[in-house]
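Structure first, then comments.
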Amino acid sequence: MANEVRVRYAPSPTGMPHIGNIRTAMFNWLFARHHGGKFVVRIEDTDQERLVPGAVDGILDGLEWLDIDWDEGPRVGGDFGSYFQSERLPLYHAEAERLIAQGDAYRCYCTRERLVELRSRQERDKVALGYDGRCKHLGGGERRILEDEGAPYVVRFAMPDSGITHLHDLIRDDVEWQNELVDDFVLLKSDGFPTYHLAVVTDDHFMEISHVLRAEEWLSSAPRHLQLYRALGYEPPEHGHLPMILGPDRAKLSKRHGATSILEYRDDGFLPEALRNFMVLLGWSLDDKTEVMPIETITENFTLDRVGKPAAIFDREKLSWMNGVYIREMTAEALADAMLPFLEQGLPSNLLPVDREYLLSIVPLVQERIKVLTEAPEMVSYFLEEQPVYDSANLVQRGMTEEETVRALERSILALGDCDFSTEALEGLLRSLGEELELTPRRFFGTLRWAATGRNVSPPLFETLEVLGRERVGPRLQWALDSLSGKERIGSGV
RNA sequence: GGCGCAUUCGUCUAGCGGCCCAGGACACCGCCCUCUCAAGGCGGAGAUCAGGGGUUCGAAUCCCCUAUGCGCUACCA
């Protein structure tokens with residue numbers, strides 16, 4: 001292509017964009033980055049009734065969180081502004097007037113009532129739905145009267161009533177429509193705002209967009225847009241209709257499918273890198289086996305010929321797995337920092353603030369066990385608690401007697417009293433102690449695990465003990481022994 | 001009702017006429033490793049390539065029909 005690649009993401013601020021919407025944004029961004037072009041964000045706020053306060057910030061924050069940066073648009077400006085359609089009204093009006101003058105559009109005075117009635121009649125008669133073109137054929141006198149009355153009107157595009165409109169889609173190849181089957185759609189609403197169709201076509205033209213990459217749900221609108229480009233005398237951009245993303249029930253994504261806003265994924269403990277990697281795989285592939293890959297690899301290889309056609313179902317399970325992969329690849333420092341907000345959020349206040357140095361020593365133990373960051377509080381709480389709370393009956397492992405358990409704890413307390421508290425030393429010491437006590441590792445370590453962590457599951461025992469340190473392990477073993485034997489205390493021991 | 005798009009393991013996908021009685025990944029099952037849980041390694045099960053017709057020496061790959069799903073059919077995007 002001779003000219004610069006310029007693509008855009010054009011969300012309407014009617015709520016938080018769902019994952020499919022963001023995936024579309026990302027494909028545009030990847031396409032721009034791959035071709036060294038520009039990625040533009042434009043806010044399509046033409047529906048005044050459905051505007052949601054804060055939605056624009058939510059959308060932009062979501063993109064920023066994912067590290068999807070834009071070259072022009074809100075927050076960054078650009079030479080083709082405004083990037084809010086509500087601030088470009090005069091442009092749309094001028095184009096609409098031009099179309100009317102050319103005879104490619106007309107004022108329509110039909111009332112909503114008539115439109116509703118028309119529709120129900122069409123449904124009843126089982127004929128094609130759509131505007132019947134009544135006002136297109138309004139006689140001059142009748143039209144004059146309506147104008148003089150100042151009757152409210154919309155501007156409709158006069159679709160050609162014969163011929164075909166052809167689209168060479170970058171993803172779906174050739175698609176054709178019969179013009180007579182496309183009705184005269186609205187360009188300008190009675191409140192003076194343009195519809196999507198008018199706004200998108202004129203903006204894409206004036207913003208010099210080279211490629212329109214949007215979801216497949218827009219494919220049906222393509223003939224309208226193509227005809228508009230023609231009537232307006234614009235050169236149409238290339239089009240590519242991307243596959244949609246569906247919920248597990250195969251329906252269009254909506255609030256019912258759980259996390260709907262991109263920021264919710266952040267709050268649910270997903271890493272932006274993982275989500276990005278996962279999203280790109282919904283409709284695009286590098287080859288027959290590579291799935292986890294850095295963003296550089298993706299941008300380098302992102303081409304439309306590797307974008308698929310069928311809609312994809314969003315599978316959270318696989319996202320979780322991939323998130324775990326990314327977590328395991330992090331440095332301890334990065335993971336600690338990523339975990340911190342979740343710990344502050346999810347840990348009881350008496351365990352806060354978390355000492356970063358201490359956390360850094362804990363991180364290697366939980367790193368390969370954590371899939372989403374929201375699991376962090378649960379995974380590290382026993383490292384921080386004064387004394388984990390648990391039922392002392394758990395100390396007695398299957399196949400052990402209470403006496404054996406008490407003895408195991410007593411001997412452990414003695415042995416750990418003044419030993420080297422390193423993983424290696426602890427392992428040597430406790431393994432031989434286990435043998436001496438004639439307890440299987442499973443039982444002996446099981447008891448110690450409960451005593452040290454208050455859990456039946458934890459990272460490997462010796463590493464855990466080392467990180468906890470003598471000053472925490474000692475009292476906990478003592479507490480275990482006390483709670484088991486109930487009354488008698490043995491000396492301060494450890 | 002009309003128009004359009006889509007259709008490979010449960011899910012994401014590879015495949016663009018012979019390499020495919022279909023490969024990879026998630027999930028699932030088993031084994032190994034092992035102090036528990038993970039991670040990792042190995043293996044297994046899982047797709048008559050929606051169905052039916054063609055074209056071709058040869059089709060998951062090309063064409064047609066049917067079915068199903070989805071989208072559009074708003075003064076919403």
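Given the structure is predicted, the values throughout are model-derived calculations rather than measurements. Letters A, B, ... are given to chains in the order of the sequence lines, protein chains preceding strands, and every chain is numbered from 1.
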Length of the line joining [X]:[atom1] and [N]:[atom2], which is rounded to integer Å:
X	N	atom1	atom2	result
A:Ile313	B:rU7	CD1	P	14 Å
A:Trp321	B:rU11	CH2	P	18 Å
A:Glu180	B:rG2	CD	C1'	12 Å
A:Leu167	B:rC5	CG	C1'	12 Å
A:Asn323	B:rA25	CG	C1'	16 Å
A:Leu181	B:rG1	CG	C1'	13 Å
A:Asn179	B:rG4	CG	P	13 Å
A:Arg328	B:rA39	CZ	P	6 Å

Exercise. Where along nucleotides 72-77 of chain B does protein come under 4.0 Å, by heavy atom, of base (B) or sugar-phosphate alone (S), with - for untouched nucleotides?
Worked result: SSSBBB

Centre-to-centre under 6.0 Å for [X] and [Y], is that the case here?
X	Y	value
A:His197	A:Phe185	yes
A:Phe157	A:His225	no
A:Phe314	A:Phe278	yes

Students often get this wrong, so: under 4.0 angstrom with heavy atoms, is [X] touching a base, only sugar-phosphate, or nothing?
X	answer
A:Pro248	nothing
A:Glu123	nothing
A:Leu461	base
A:Pro460	base
A:Met322	nothing
A:Arg306	sugar-phosphate

Across all strands, who's sitting opposite [N] as a Watson-Crick or G-U wobble pair, both distances under 3.5 Å?
N	result
B:rA39	none
B:rC26	B:rG10
B:rG4	B:rC70
B:rC57	B:rG18

Which whole number of Å gives the distance between the [atom1] atom of [N] and that of [M]?
N	M	atom1	result
B:rA45	B:rC28	C1'	9 Å
B:rA25	B:rC21	C1'	23 Å
B:rU11	B:rG4	P	27 Å
B:rC57	B:rG69	P	38 Å
B:rA39	B:rU34	C1'	12 Å
B:rG23	B:rG46	C1'	14 Å
B:rG51	B:rA14	C1'	24 Å
B:rU48	B:rC9	C1'	13 Å

Donor-acceptor pair (no angle test) under 3.5 Å: [X] side chain, [N] base:
X	N	answer
A:Lys318	B:rA25	yes
A:Glu291	B:rG24	yes
A:Arg449	B:rC35	yes
A:Arg369	B:rC37	yes

Distance check: side-chain N/O of [X] vs OP1/OP2 of [N], anything under 4.0 Å?
X	N	answer
A:Ser285	B:rA14	yes
A:Arg23	B:rC12	no
A:Arg250	B:rU11	yes
A:Lys289	B:rU13	no
A:Arg442	B:rU36	yes

Exercise. Ring pair (Phe, Tyr, Trp, His ring centres under 6.0 Å) with A:Trp450: which of A:Tyr390, A:Tyr382, A:Phe445, A:Phe444?
Worked result: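 The residue from A:Tyr390, A:Tyr382, A:Phe445, A:Phe444 that satisfies ring pair (Phe, Tyr, Trp, His ring centres under 6.0 Å) with A:Trp450 turns out to be A:Tyr390.
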
So that I can tick it off, tell me whether [Y] and [X] are bridged by a salt bridge, with the cut-off set at under 4.0 angstrom between side-chain N and carboxylate O.
X	Y	answer
A:Asp47	A:Arg50	yes
A:Arg121	A:Glu117	yes
A:Arg316	A:Asp268	yes

Exercise. Without hydrogens or angle criteria, can the side chains of A:Asn323 and A:Ser320 be said to hold a donor-acceptor pair below 3.5 Å?
Worked result: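 A:Asn323 vs A:Ser320: no donor-acceptor pair found between side chains.
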
Exercise. If we ignore angles and hydrogens, is there a donor and acceptor under 3.5 Å between the side chains of A:Glu87 and A:Ser82?
Worked result: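 A:Ser82 and A:Glu87 do have a side-chain donor-acceptor pair below 3.5 Å.
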
Problem set entry | Closest-nucleotide 5' rank along RNA chain B - winner of A:Phe278 and A:Lys126 |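 It is A:Lys126 whose nearest nucleotide is closer to the 5' end.
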
For this session: Take A:Gly283 and A:Asp174, find for each the nucleotide of RNA chain B with the closest heavy atom, and name the residue whose nucleotide sits nearer the 5' end.
Result: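 This one resolves to A:Asp174.
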
Exercise. When you measure from the side chain of A:Ala128, which nucleotide among B:rU36, B:rG2, B:rA27 comes out closest?
Worked result: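 When the side chain of A:Ala128 is considered, B:rG2 is the closest of B:rU36, B:rG2, B:rA27.
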
Problem set entry | Options B:rA14, B:rA6, B:rC35, nucleotide nearest the side-chain atoms of A:Asp288 |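 Out of B:rA14, B:rA6, B:rC35, the nucleotide with an atom closest to A:Asp288's side chain is B:rA14.
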
Problem set entry | Residue among A:Glu216, A:Arg172, A:Arg214 satisfying side-chain hydrogen bond (donor to acceptor under 3.5 Å, both in side chains) with A:His241 |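 Only match with A:His241 under side-chain hydrogen bond (donor to acceptor under 3.5 Å, both in side chains): A:Arg214.
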
For this session: Applying side-chain hydrogen bond (donor to acceptor under 3.5 Å, both in side chains), name anything that partners A:Arg411, two or more places apart in sequence or on another chain.
Result: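 Checked A:Arg411 against side-chain hydrogen bond (donor to acceptor under 3.5 Å, both in side chains); matches are A:Glu436.
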
